K.L.:
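Shown below is the structure under consideration.
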Amino acid sequence: MRTLRLLIAVTICWFAAPTFAADYPAPEKLAAQAALPDPLTMLDGTKVTTVEAWQQQRAPELRRLFQHYMYGMLPAAPTNVTFDVTREESNYFGGKATLRLVTVSLGVDGAPKLHLLEVTPNRKTSPAPVFVGLNFAGNHTLLNDPKIPLSTVWIPKRYAGTVNDKATEASRGILVDAWSLEQTIDRGYGVVTCYCGDVDPDFPDFSDGVHPHFKSSDDPNAKWGTIAAWAWGLMRLVDYVETRDVYDHKKIIAFGHSRLGKTALVAAAFDPRIDMAIPNQAGCGGTAPSRGTVGESVERINTSFPHWFCDNFKQFNQATDRLPFDQHCLVALCAPRPVLLANAVEDQWANPDGQFEMLVAASPVYKLFGDSGTIASDKPPVGKLLTHKLGYHIRAGKHSTTPDDWRMYCDFADSQFGKP
Ligand code: GCU
């Protein structure tokens, strides 16, 4: 079963991937459309009216288009991944959890290792649902535990305790609240996470991280950027979860904040083993419309973060109306699985209203799957969680993840999967 699920995921990534640039019109040849493209109309104008046509034709087409014009082509899943448990402590959080540190080898000489931090609830009436997500500054920042090794790879300067681009003891525990691991354990959920820099350090250079070791497109303009690499890395966490019987493999939740929220949504859109996506305040290039006029623009993101997307995407800086999709199509690729877009009032950079429009525009695809009540047409008030399959939440405050946010993610997951 596990092998079958991995095979399906590999097949989706690989065969949905573009092969020749000639298969795709140049951006300036694409029809300009100011309105959002219809997720249920193929590029050649054919209407999609059945789940079968969605699954076999339109969804693969959209995955190809997203890779070619925006994220770059994701390589196939590695075939020889191995997991080495370096520490296991079954009496964590006062006996409520088991902590594991696991090193992932990607099966290719010289490829970076991924270092996983895992906490699993010890209450084992049934297998636990589990969050998988990348973190911003290393596993040692998520717990105040001197036995968690400091990350040894490049860390952004903006994190406390970074000295000469490396973690120091002063950075231990700085993101405890941003992950609230103990509280999530108390709710009955497991968490598996890894530093995003293990997959690809977040700066414009593809000589490190996974990029040199796995094959993307031959087309230089469609090579995978950092968001695609992170999403591909997140899928390796799913590989690991699938080896663990302590988890319910039908309740795997991809989570991420901001740039890593963009990543979580891409991973869910491309990997059917993921059962729910919770991108938090992900915004432009993830959950907000590229055609949007609020907050970050495509031109701005491509200028500030030239490595996040493939080079083709830069050709849309002044021509977002030529994109043959918008981000509602990325949400729609998750159908019929639940997606929660979480926002904050003071984070207009991530365009919370535009994100709600993406949910509304994705809903015809969910309806095709028979979900009549997937989404309300009015944005819920501040602080009220919309628990449709296409879920939404906006709270007061700024761009961040807080213990209350984690409570709300668990509430949403409870509403869709049942309380663990
Ligand atoms: C910047 C960037 C956003 C991104 C955010 C983050 O603000 O413009 O696109 O989501 O950083 O990752 O924190």
Side-chain angles (χ1 to χ4, degrees), residues 66 70-72 133-138 141-142 154-160 162 171 174-175 177-179 193-204 209 225-231 233-234 254-269 277-310 313-314 316-317 320 323 326-327 330-331 339-356 358 392-395 397-402 405-406 409:
F66 270 114
M70 188 167 180
Y71 296 106
L134 301 182
N135 65 68
F136 274 94
T141 62
L142 310 188
W154 178 92
I155 308 265
K157 288 186 188 24
R158 65 179 182 279
Y159 290 102
T162 306
S171 56
I174 57 170
L175 296 177
D177 278 353
W179 278 77
T193 181
C194 161
Y195 171 42
C196 64
D198 282 3
V199 183
D200 185 32
D202 191 7
F203 52 82
T226 293
I227 303 266
W230 285 337
L234 186 50
F255 164 77
H257 171 56
S258 211
R259 66 198 71 184
L260 299 176
K262 310 181 207 296
T263 300
L265 188 62
V266 173
I278 305 190
N280 190 73
Q281 301 159 17
C284 184
T287 51
S290 295
R291 285 168 174 75
T293 52
V294 173
E296 191 171 22
S297 66
V298 166
E299 181 169 25
R300 180 68 193 267
I301 204 168
N302 274 331
T303 309
S304 311
F305 305 99
H307 55 298
W308 281 1
F309 304 95
C310 72
F313 196 45
K314 298 178 180 68
F316 295 93
N317 282 350
T320 51
L323 279 165
D326 213 313
Q327 297 309 105
L330 195 66
V331 174
V339 175
L340 169 65
L341 303 190
N343 281 282
V345 173
E346 289 176 54
D347 186 12
Q348 291 299 318
W349 188 239
N351 191 0
D353 285 353
Q355 292 190 39
F356 189 74
M358 295 298 89
Y392 188 86
H393 185 262
I394 182 158
R395 61 153 166 82
K398 296 192 195 311
H399 187 68
S400 61
T401 50
T402 66
D405 290 336
W406 275 97
Y409 309 146

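Being a predicted model, the structure only gives us computed values, none of them experimental. Any value given below was found using the heavy atoms of this structure, including those in side chains, with hydrogens, waters and symmetry copies removed. Every number for a ligand or one of its atoms is a count from 1 in the order of the listing.
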K.L.:
Counting distance only, does the side-chain N/O of E296 pair as donor-acceptor with the main-chain N or O of W349 below 3.5 Å?
P.N.:
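Absent.
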K.L.:
Using the test ring pair (Phe, Tyr, Trp, His ring centres under 6.0 Å), find all partners of F356 that sit at least two apart in sequence or belong to another chain.
P.N.:
Y392
K.L.:
Taking N280 for the side chain and S400 for the main chain, is one N or O donor matched with an acceptor at less than 3.5 Å?
P.N.:
yes
K.L.:
Do any N or O atoms from the side chain of K262 and from the backbone of A282 form a donor-acceptor pair under 3.5 angstrom?
P.N.:
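Side chain of K262 to backbone of A282: a pair is present.
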K.L.:
Tell me: protein heavy atom nearest atom 5 (C) of ligand 1, and distance?
P.N.:
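The closest heavy atom on the protein side is S258 OG, 3.0 Å.
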K.L.:
With no hydrogens and no angle check, is any side-chain donor or acceptor of N343 less than 3.5 Å from a backbone partner on Q281?
P.N.:
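No, the answer is negative, given that no donor and acceptor are paired below the 3.5 Å cut-off.
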K.L.:
Within a distance under 4.0 Å of any heavy atom of K262, pick out the atoms of ligand 1 and give their elements.
P.N.:
3 (C), 4 (C), 9 (O), 10 (O)
K.L.:
Can you tell me if H257 has a non-hydrogen atom under 4.0 Å from ligand 1?
P.N.:
no
K.L.:
Using 4.0 Å as the upper bound for N to carboxylate O, is an ion pair formed by D347 and K398?
P.N.:
no
K.L.:
Among protein heavy atoms, which sits nearest to atom 7 (O) of ligand 1, and what does the distance come to when rounded to 0.1 Å?
P.N.:
W349 NE1, 3.2 Å
K.L.:
Check whether S304 reaches the backbone of I301 with its side chain - one donor and one acceptor, N or O, closer than 3.5 Å.
P.N.:
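Answer holds: no.
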K.L.:
List ligand 1 atoms under 4.0 Å from H399, heavy atoms only on the residue side.
P.N.:
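Per the distance check, 6 (C), 13 (O).
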K.L.:
Is the closest heavy atom of Q281 to ligand 1 under 4.0 Å?
P.N.:
no
K.L.:
Ligand 1 and E296, any nitrogen or oxygen pair closer than 3.5 angstrom?
P.N.:
yes
K.L.:
Below 4.0 Å, non-hydrogen atoms only: which portion of R259 touches ligand 1? Side chain, backbone, both or neither.
P.N.:
both
K.L.:
By number and element, which atoms of ligand 1 are closer than 4.0 Å to a non-hydrogen atom of A282?
P.N.:
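It comes down to these atoms of ligand 1: 10 (O).
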K.L.:
For ligand 1, does I301 get within less than 4.0 Å through its side chain, its backbone, both, or neither, judged by non-hydrogen atoms?
P.N.:
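Only the side chain of I301 comes within reach of ligand 1.
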